[in-house]
Amino acid sequence: MTNIPAKMELSTISRIILLLAITFLLLLTYIISYVLAIQSLFISTVAVTFLYFGLCCLAFFDKGFPLSIFILTLAFFNIGGVFVRWSETHHISQQSMKSVNLVMISLYTVVFSYVIFQLLFTTNKRISTYRENKEKPQTLDYSKIFADITFALSAFTGICKILLGIEKWIFVIRYGYVSYYSSFNTSFPFIQRFSILSDISFWIYIFQNDKVTKRKIFSWLLYFLNLILTLMVGQRGPIVLGLLMSTLYWFRITDLTSGKSGLKELRKKFTKLFFVVVILSPAMFYFLNLYAYLRVGDLPPASELSDVIKEFLVSQGDSGFYNVNFAANEYASMPKPQNTSYLLAPIVNIVRNGLIGKILGTSKAFGQTRESAWYSGYWSYYLSYVTLGKGFLEGRGVGSSYIAEAFADLSFFGVFLINILYGFVIAFFNSHKITNPIINGVMFCMLSDIYYAPRALAFSFLGDLLNYLVLLTIILLSVLYYWIRKKRSL
């Protein structure tokens with residue numbers, strides 16, 4: 001049974017009607033501009049729609065902030081290059097419009113599904129009762145024994161990941177970034193195996209309580225040091241994602257412990273932080289431009305700030321859009337593997353190469369080879385091979401995109417389906433104020449992969465959790481956690 005309030009304030013109803021009117025007006029304008037190929041109106045509507053949904057999420061901060069991060073990454077990895085090219089040529093090809101259309105379908109689907117699931121969750125009697133008392137702070141689940149164990153695990157696996165990152169960095173210095181991507185193999189498989197647990201163990205430990213302790217500071221230092229090492233071996237995305245996840249953690253802890261009043265203060269802090277980022281952005285753009293030159297070395301770094309910003313927007317904006325553009329316009333006419341699902345590839349391969357696969361003898365390592373491109377099921381390998389050819393075999397690649405994987409597998413139905421799923425997961429996270437550190441840790445790992453999906457694997461969040469070491473760790477920690485709770489309740 002649902003418990004829907006009998007009365008709503010007139011101002012709230014008016015606000016909802018206004019937002020719905022603007023939303024459907026933008027949608028109608030977009031459809032007209034796309035069908036009639038009115039390019040200037042099309043580009044303007046795309047820009048305004050992303051900005052509108054982003055501002056709505058920030059205006060309704062307690063309900064919309066987790067969704068705003070996904071909207072940001074969806075825009076960041078898909079439309080930056082489109083706008084830069086439009087500003088220079090005032091032209092967008094029919095093929096690019098078709099690709100942008102897939103991005104817009106994704107945007108509308110994830111927003112609408114998020115709103116619908118949010119409403120469904122919040123009209124549940126138990127959750128509605130909680131929301132009526134949202135000002136009441138919550139106490140995070142805490143046990144000293146459990147905290148000690150999870151801290152030890154987080155520290156050990158975090159250090160393992162740092163050692164692995166140092167090994168990768170030394171390899172990059174000696175042989176270069178391209179050789180690293182094509183031929184790096186660790187000399188310490190034991191360290192690599194346990195480094196996989198660093199993220200899940202970190203988030204589980206960090207959700208023990210909201211107090212700042214020396215152990216927590218140490219854990220955060222390990223976390224950011226790993227992000228820096230990842231940047232040093234040629235990956236920019238994870239450090240940006242890590243910063244976004246840090247703000248989401250801040251949001252989550254504030255929501256759990258301080259409620260709506262705390263979130264109002266947090267929004268003010270985030271606003272100040274935004275202006276600090278804007279002020280520092282020129283220095284960051286120059287650094288990332290120089291970094292891209294050192295990493296790839298194809299073109300000398302730009303000197304003018306406008307050129308630096310354009311290069312950054314194009315390089316990042318096309319990282320996901322390149323995949324979407326190929327899937328929308330070229331994939332149907334290209335030779336392709338048979339009986340392959342790009343969406344299910346991370347799940348299939350984690351089972352095939354995991355503990356079960358090793359027992360059954362199905363385990364098979366994939367690298368940057370023609371065989372991997374054709375038989376691994378990974379969209380990133382396939383696309384890199386058919387577009388880069390020899391460059392792929394030498395270590396170059398173009399990444400992936402959840403939109404491209406979904407469209408290649410199931411056409412428009414796949415795009416709708418995966419975005420509805422993402423909307424469900426994000427809404428579930430924001431609607432359920434759970435204090436269990438294990439569930440929060442698992443949710444953060446899932447959301448991290450979902451936020452990065454616009455330029456990565458669609459089901460990476462499931463593949464990572466199905467890794468036998470990760471799964472075994474979650475099970476053992478859950479048994480320990482509930483045993484401690486049961487013992488305390490006696």
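Because only heavy atoms are used, hydrogens play no part in the values below, and waters and symmetry mates are left out as well, while side chains stay in.
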Answer yes if the ring centres of F424 and Y114 are under 6.0 angstrom apart, and no otherwise. no
Is the shortest distance from a Lys or Arg side-chain nitrogen in E88 or R85 to a carboxylate oxygen in the other one below 4.0 Å? no
Tested for side chain to side chain contact (heavy atoms under 4.5 Å, CB included) against Y382, the lone hit among Y378, Y385, W379 is W379
| task | For the pair S99 (side chain) and Q95 (backbone), establish whether a donor and an acceptor sit closer than 3.5 Å, ignoring hydrogens and angles. | result | yes
Here the gap from F50 atom CZ to L107 atom CG, rounded to the nearest 0.5 Å, amounts to 4.5 Å
Hey, are T369 and S372 close enough side-chain-wise for a donor-acceptor pair under 3.5 Å?
-> yes
Item checked: Side chain N349, main chain A345, donor-acceptor under 3.5 Å -> yes
In short, L410 meets L343 closest at the heavy-atom pair CD1-CD1, 4.3 Å
Fill in: Polar side-chain atom of S195 near backbone of Q192 as donor-acceptor pair, under 3.5 Å
yes
Quick one, L248 and F65 - any side-chain contact, counting heavy atoms below 4.5 Å?
yes
CZ (F202) and CG (L153) are apart, to the nearest 0.5 Å, by 13.0 Å
Parallel, tilted or perpendicular for F53 and Y108, by the 30°/60° rule?
perpendicular
| Polar side-chain atom of Y422 near backbone of A458 as donor-acceptor pair, under 3.5 Å | yes
Using the side chain to side chain contact (heavy atoms under 4.5 Å, CB included) rule, take V82 and I43 through it: C-alpha gap first, then chi angles, then the decisive distance, then the call.
CA-CA 9 Å; V82 173; I43 287 291; 3.9 Å; yes
| query | Does the side chain of F459 reach to within under 4.5 Å of the side chain of Y402, using non-hydrogen atoms? | reply | no
Ring centroid separation for F42 and Y30, is it under 6.0 angstrom?
-> yes
Between the side chains of S401 and N323, does any donor sit under 3.5 Å from an acceptor? no
For residues 69-78, which side-chain donor-acceptor pairs fall under 3.5 Å, sequence neighbours excluded?
residue : atom : partner : partner atom : Å
T73     : OG1  : I69     : O            : 3.4
T73     : OG1  : F70     : O            : 3.0
T73     : OG1  : Y451    : O            : 2.8
N78     : OD1  : F321    : N            : 3.4
N78     : ND2  : L74     : O            : 3.0

Distance-only criterion, 3.5 Å: show the donor-acceptor pairs between side-chain atoms of residues 411-418 and protein atoms not counting sequence neighbours.
none

- Item | Cationic N near anionic O, under 4.0 Å, K161 to D199 | yes
Heavy-atom nearest pair, L465 first then M446, reads CD1-CG, 3.4 Å
**OP:** Mark yes or no for whether S113, through its side chain, and V110, through its backbone, hold a donor-acceptor pair below 3.5 Å.
**Re:** yes
Throw together a table of side-chain donor-acceptor distances under 3.5 angstrom for residues 219-226, partners on residues two or more places apart or in other chains.
residue : atom : partner : partner atom : Å
S219    : OG   : R215    : O            : 3.0
N226    : OD1  : I162    : N            : 3.1
N226    : ND2  : G158    : O            : 3.3
N226    : ND2  : L222    : O            : 3.1

Applying ring pair (Phe, Tyr, Trp, His ring centres under 6.0 Å) to F270 and F251, what does each step give before you reach the verdict?
CA-CA 10 Å; F270 278 0; F251 170 88; 7.8 Å; no
Is there a side-chain contact between I434 and R252 (heavy atoms, below 4.5 Å)? yes
Worked verdict on T230 versus I239 for side chain to side chain contact (heavy atoms under 4.5 Å, CB included) | CA-CA 7 Å; T230 303; I239 195 166; over 6 Å; no
Closest heavy-atom pair, S384 versus V398, reported as atoms and distance to 0.1 Å, is OG-N, 3.0 Å
Quiz item: Do W203 and I206 come within less than 4.5 Å of each other through their side chains, counting heavy atoms only?
Solution: yes
- Task: Please tell me if the side chains of W374 and K336 come closer than 4.5 Å, counting only heavy atoms from C-beta onward.
- Result: no
* To do: May I ask you to check whether F428 and F117 place their ring centres under 6.0 Å from each other?
  => no
Interatomic distance, CD1@I204 vs CD1@I439, rounded to 0.5 Å, equals 10.5 Å
Here the gap from L263 atom CG to D255 atom CG, rounded to the nearest 0.5 Å, amounts to 4.5 Å
Original post:
Stepwise, does the side chain to side chain contact (heavy atoms under 4.5 Å, CB included) test hold for C56 with L19?
Top reply: CA-CA 9 Å; C56 284; L19 291 174; 3.9 Å; yes
On a heavy-atom basis, the closest approach of Y249 and F207 is CD1-CZ, 3.6 Å
For R455 and G399 the tightest heavy-atom approach is NH1-CA, 3.7 Å
For I191 and C160 the tightest heavy-atom approach is CG2-O, 3.0 Å
Residue pair Y34 / T45, side-chain donor-acceptor N/O under 3.5 Å
no
One pair to check against side chain to side chain contact (heavy atoms under 4.5 Å, CB included): M443 and V425. What are the steps and the verdict? CA-CA 9 Å; M443 288 298 300; V425 174; 4.2 Å; yes
Could you check whether any side-chain heavy atom of L164 comes within less than 4.5 Å of a side-chain heavy atom of E167, counting everything from C-beta outward? yes
Separation between CD1 (I196) and CD1 (I200), nearest 0.5 Å, reads 13.0 Å
**Prompt:** Do the non-hydrogen side-chain atoms of S376 and Y342 ever get within less than 4.5 Å of each other?
**Reply:** no
dist N440:CG -> H432:NE2 (nearest 0.5 Å) comes out at 12.5 Å
**Message:** Is any side-chain heavy atom of M232 closer than 4.5 Å to one of L229?
**Reply:** yes
Any donor-acceptor pair under 3.5 Å from N430 side chain to K63 backbone: yes
